**Q** 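Below you will find the structure I want to go over with you.
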Amino acid sequence: MEGVNSLSSISDLDDLARLLDRPRLNIERKRSFDERSFSEMGIFDNVNSPGGWETPVSSARNSFEPHPMVAEAWDALRRSLVYFRGQPVGTIAAYDHASEEVLNYDQVFVRDFVPSALAFLMNGEPDIVKNFLLKTIQIQGREKRIDRFKLGEGAMPASFKVIHDPIKKTDTIIADFGESAIGRVAPVDSGFWWIILLRAYTKSTGDTSLAETPECQKGMRLILSLCLSEGFDTFPTLLCADGCSMVDRRMGVYGYPIEIQALFFMALRSAMSMLKHDAEGKEFMERIVKRLHALSFHMRSYFWLDFQQLNDIYRYKTEEYSHTAVNKFNVIPDSIPEWVFDFMPLRGGYFIGNVSPARMDFRWFALGNCVAILASLATPEQSAAIMDLIEERWEELVGEMPVKICHPAIESHEWRIVTGCDPKNTLWSYHNGGSWPGEFSVYFLENTFLTKPIFESDKISILYIFLKPPGI
C-alpha cells in the first residue's frame with residue numbers, strides 16, 4: 001500500500017497534521033436520550049481496547065457482560081446462517097417468518113453479507129468468511145447469461161441460494177447474476193465488496209495464503225479486467241445502470257453514482273495490496289496506480305460540493321467550447337434545485353450523488369460519502385467537511401433514526417418520473433430517504449484500509465450515525 005500512496009498522492013500527512021488542531025466534533029449535544037444511552041448499553045465502552053468491539057467471545061475474554069441486545073443480535077445472526085455440505089457459507093438477507101412473500105430474501109447476498117462477515121471476523125470466527133469468499137469465487141467461474149447475452153467473465157453474483165435435497169442428500173447452489181433479479185440488473189458492487197472483504201479477512205487473520213491462491217488471484221484479475229477495460233469513456237469513473245448497487249431499484253442513480261465510485265476506489269487500493277508481484281500482477285498494479293491518480297482527481301474536483309463550489313456553479317457560463325472551459329459538463333445553473341441552497345451550510349461539504357454531461361445529482365448519499373472517508377478518497381479537509389455537514393444538518397440526515405440513505409426524498413411528479421411510480425420507494429421509505437442501520441464497522445474498516453487516521457471524534461460520529469437505534 002505504501003507504493004500506491006507515494007505514487008498517487010492519496011495520503012497527505014502535512015494536511016492531516018494541520019487539521020488535527022481543529023475543534024472536535026461534539027456528538028454528545030446532538031443526542032436525545034430517553035431512558036437508555038449508548039454508555040448504558042456498553043457499545044462505546046471498549047472501542048479502543050486491543051480486542052475491539054465487545055462480542056460474546058471477546059467480552060468473555062475481557063470479563064465483560066454484554067448488553068442483552070448484543071446477545072439477541074448474535075442469536076439472530078446465527079439463526080440466519082446458510083450451510084452448504086455442512087459448512088457455513090453466508091447469512092440470508094432477511095430472517096422474518098412473519099412475511100408470506102419471501103422473494104429472494106432467503107438468499108445470501110454478497111453486499112449484505114459484508115457486515116455479517118465483519119462481525120464474525122471481529123468475534124474471532126474467520127472460517128465462515130473464508131468459506132464465503134471461496135464459494136463466491138467458484139460461482140464467478142460459471143457461465144453467465146441473460147436471455148441470449150453473455151455477461152463478462154469477471155462478473156460476481158448478486159446472491160446465491162443453497163437448495164437442500166433431503167431425499168438425495170445433496171446440496172446445490174443456484175446463483176443470480178441479475179438474470180432473476182427485479183429489473184434484471186447485474187450488480188456492479190458485488191465484485192468490489194468481494195475484494196474489500198478479502199482484504200479485511202487477510203488483515204484480520206494475518207493469513208495471506210487465501211489471497212495468494214490461484215483462484216483468488218484470478219478472481220481479482222477478472223474483476224479488475226471488467227472495470228479497468230478501455231472503451232468510449234472520457235472519465236475515470238464507472239458508468240453504471242440504475243439499480244446496480246445497494247440502491248437496487250430505479251432511483252435515478254444511473255450514470256456515475258458516488259457509491260460505486262467510492263467502492264471502486266477502495267477495491268482498487270485493496271487489490272493493490274494483494275496482487276502478486278508476477279508478470280500479470282505487475283501489469284494490473286500499473287493500471288491501478290494510473291486509475292487511482294485519475295479517479296481521485298476527478299472525484300475531488302468535480303463531485304465535491306461546498307458553499308464556495310455551489311456559488312461557482314451558480315455563476316457558471318454555458319456552451320463553452322474549449323479545453324479551458326470552466327463548466328466542463330455544461331451544467332445549466334437553472335437546473336440547481338432550490339433545496340440545495342438551504343441545505344448547504346457555510347461550514348461543511350459532501351460528494352454529490354452523480355456527475356455526467358449536463359447533469360449533477362445534488363442528493364446526499366450516506367454510504368458513498370462515508371466509504372469515501374474510509375478509503376481516503378476524500379482528502380483530510382474533505383473528510384472533516386463531510387462530518388461538519390452531518391453535524392450541521394443532523395436533524396435532516398439522522399434525527400431520531402439511523403442515517404438516511406439519501407436526502408432529500410423525491411416526491412410527487414419527480415417521484416413518478418424518477419422511480420417509475422415505484423410503490424416501495426415512496427416518500428421517506430426504503431431507498432428514497434429511508435433510515436437504515438449501518439452496512440459496516442467503521443473501526444474495523446479504518447484499521448484495515450486507511451494509511452492515515454481520521455479524527456477519533458469523527459470515527460465515533462460515523463459509527464453513531466450508522467448504528468444509532470430508533471428512539472436514542
Side-chain angles (χ1 to χ4, degrees), residues 90 93 102-113 132-163 172-196 215-261 263-264 267-268 271 280 284 287 291 354 356-357 359 417-422 424-425 431:
V102 176
L103 294 178
N104 57 353
Y105 291 117
D106 62 344
Q107 298 187 23
V108 179
F109 278 78
V110 172
R111 73 175 71 94
D112 290 33
F113 178 68
F132 170 84
L133 290 167
L134 288 173
K135 187 54 60 181
T136 46
I137 206 64
Q138 291 173 9
I139 296 173
Q140 182 199 43
R142 298 181 180 181
E143 184 179 77
K144 301 168 278 285
R145 287 185 178 273
I146 297 181
D147 294 332
R148 299 182 180 181
F149 184 73
K150 184 178 179 181
L151 275 67
E153 190 179 2
M156 294 291 283
S159 63
F160 64 86
K161 183 175 183 177
V162 178
I163 304 296
T172 306
I173 285 184
I174 299 178
D176 177 18
F177 292 90
E179 71 271 23
S180 300
I182 298 172
R184 301 300 188 267
V185 180
V188 175
D189 63 338
S190 287
F192 300 150
W193 279 123
W194 186 88
I195 292 176
I196 292 168
E215 294 81 6
C216 287
Q217 289 290 311
K218 180 182 178 181
M220 280 191 288
R221 291 196 300 268
L222 289 175
I223 294 170
L224 293 171
S225 294
L226 277 181
C227 57
L228 294 175
S229 60
E230 297 179 351
F232 293 99
D233 300 303
T234 54
F235 315 128
T237 42
L238 287 181
L239 181 63
C240 305
D242 223 338
C244 68
S245 60
M246 182 187 71
V247 182
D248 58 1
R249 302 173 73 87
R250 182 175 163 187
M251 269 291 292
V253 297
Y254 60 88
Y256 306 89
I258 177 61
E259 178 187 337
I260 290 296
Q261 314 314 322
L263 288 173
F264 180 31
L268 288 178
E280 289 181 300
F284 276 99
R287 295 168 66 183
R291 193 60 165 260
N354 220 312
S356 57
R359 175 178 178 247
I417 296 298
V418 173
T419 73
C421 300
D422 186 357
K424 201 167 185 177
N425 274 329
H431 303 125

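Worth saying up front: this structure is predicted, and the values here are computed from it rather than measured.
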**Q** For D176, enumerate each residue passing the salt bridge (charged side-chain N to carboxylate O under 4.0 Å, His left out) test, keeping only those at least two apart in sequence or located in another chain.
**A**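 Salt bridge (charged side-chain N to carboxylate O under 4.0 Å, His left out) check on D176 returns nothing, list empty.
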**Q** Which residues pass the side chain to side chain contact (heavy atoms under 4.5 Å, CB included) test with I146, not counting sequence neighbours?
**A**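 Scan of I146 (side chain to side chain contact (heavy atoms under 4.5 Å, CB included), adjacent residues dropped) gives L151, E179.
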**Q** Does E153, at its CD atom, have more than 12 non-hydrogen atoms belonging to other residues, nucleotides or ligands within less than 6.0 Å?
**A**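 Open.
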**Q** Taking only residues two or more places apart in sequence or in another chain, which ones pass side chain to side chain donor-acceptor pair (under 3.5 Å) with K161?
**A**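 Only D106 meet the side chain to side chain donor-acceptor pair (under 3.5 Å) criterion with K161.
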**Q** Considering all heavy atoms of both residues, which atom of G252 and which atom of V418 are nearest to each other, and what is their separation?
**A**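 It is N-CG1, 3.6 Å.
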**Q** Before giving the answer on side chain to side chain contact (heavy atoms under 4.5 Å, CB included), spell out for I260 and F192 the whole-Å C-alpha distance, their side-chain angles and the decisive distance to 0.1 Å.
**A** CA-CA 9 Å; I260 290 296; F192 300 150; 4.2 Å; yes
**Q** State, to 0.1 Å, how close C240 and C244 come at their nearest heavy-atom pair, and which atoms those are.
**A**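 So the minimum-distance heavy-atom pair works out to CB-SG, 3.5 Å.
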**Q** Going from CD1 on I174 to CD1 on I163, what distance comes out if it is rounded to the nearest 0.5 angstrom?
**A**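 If I round to the nearest 0.5 Å, the distance is 4.5 Å.
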**Q** What side-chain hydrogen bond (donor to acceptor under 3.5 Å, both in side chains) pairs are there with at least one residue in residues 133-142, not counting sequence neighbours?
**A**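 Counting only pairs at least two positions apart or across chains, the side-chain hydrogen bond (donor to acceptor under 3.5 Å, both in side chains) contacts touching residues 133-142 are K135-Q138, T136-W194.
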**Q** Which heavy-atom pair separates W193 from R111 by the least distance, and what is that distance?
**A**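 Smallest heavy-atom distance, with atoms named: CD1-CB, 3.5 Å.
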**Q** Could you work out, with ring-ring contact (aromatic ring centres under 6.0 Å, His included) as the rule, every residue matching F177, not counting sequence neighbours?
**A**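 Checked F177 against ring-ring contact (aromatic ring centres under 6.0 Å, His included); zero matches.
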**Q** Sequence neighbours excluded, which residues qualify as side chain to side chain donor-acceptor pair (under 3.5 Å) partners of R145?
**A**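 Here the qualifying residues are E143.
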**Q** Just wondering, do L134 and E215 contact through their side chains at under 4.5 Å, heavy atoms?
**A**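 They are not in side-chain contact.
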**Q** How close do G243 and V185 get, heavy atom to heavy atom, and via which atoms?
**A**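 Smallest interatomic distance, heavy atoms only, reads O-CG1, 3.7 Å.
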**Q** Going by the rule salt bridge (charged side-chain N to carboxylate O under 4.0 Å, His left out), which residues pair with R287 if we only count those two or more places apart in sequence or in a different chain?
**A**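 With sequence neighbours excluded, R287 shows a salt bridge (charged side-chain N to carboxylate O under 4.0 Å, His left out) to no residue whatsoever.
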**Q** Does a side-chain heavy-atom distance below 4.5 Å link V110 with P187?
**A**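 SC-SC contact between V110 and P187 ruled out.
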**Q** Using a 3.5 Å cut-off and no angle test, enumerate the donor-acceptor pairs between side-chain atoms of residues 222-229 and protein atoms at least two apart in sequence or in another chain.
**A**
unit_1, atom_1, unit_2, atom_2, d
S225, OG, R221, O, 2.8
S229, OG, L226, O, 3.1

**Q** Going by side chain to side chain donor-acceptor pair (under 3.5 Å), name the residues that satisfy it together with S190, two or more places apart in sequence or in a different chain.
**A**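 With sequence neighbours excluded, S190 shows a side chain to side chain donor-acceptor pair (under 3.5 Å) to no residue whatsoever.
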**Q** May I have all residue pairs that pass ring-ring contact (aromatic ring centres under 6.0 Å, His included) and include part of residues 217-238, sequence neighbours excluded?
**A**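 Matches after skipping sequence neighbours: F235-Y256, F235-H298, F235-F329.
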**Q** Restricting to pairs with a member in residues 247-259, which pass salt bridge (charged side-chain N to carboxylate O under 4.0 Å, His left out), not counting sequence neighbours?
**A**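 Every salt bridge (charged side-chain N to carboxylate O under 4.0 Å, His left out) pair that includes a residue of residues 247-259, provided the two are not neighbours, is R249-D422.
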**Q** Restricting to side chain to side chain donor-acceptor pair (under 3.5 Å), what partner residues turn up for K424, sequence neighbours left out?
**A**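 With neighbours one apart ignored, the set is Y105.
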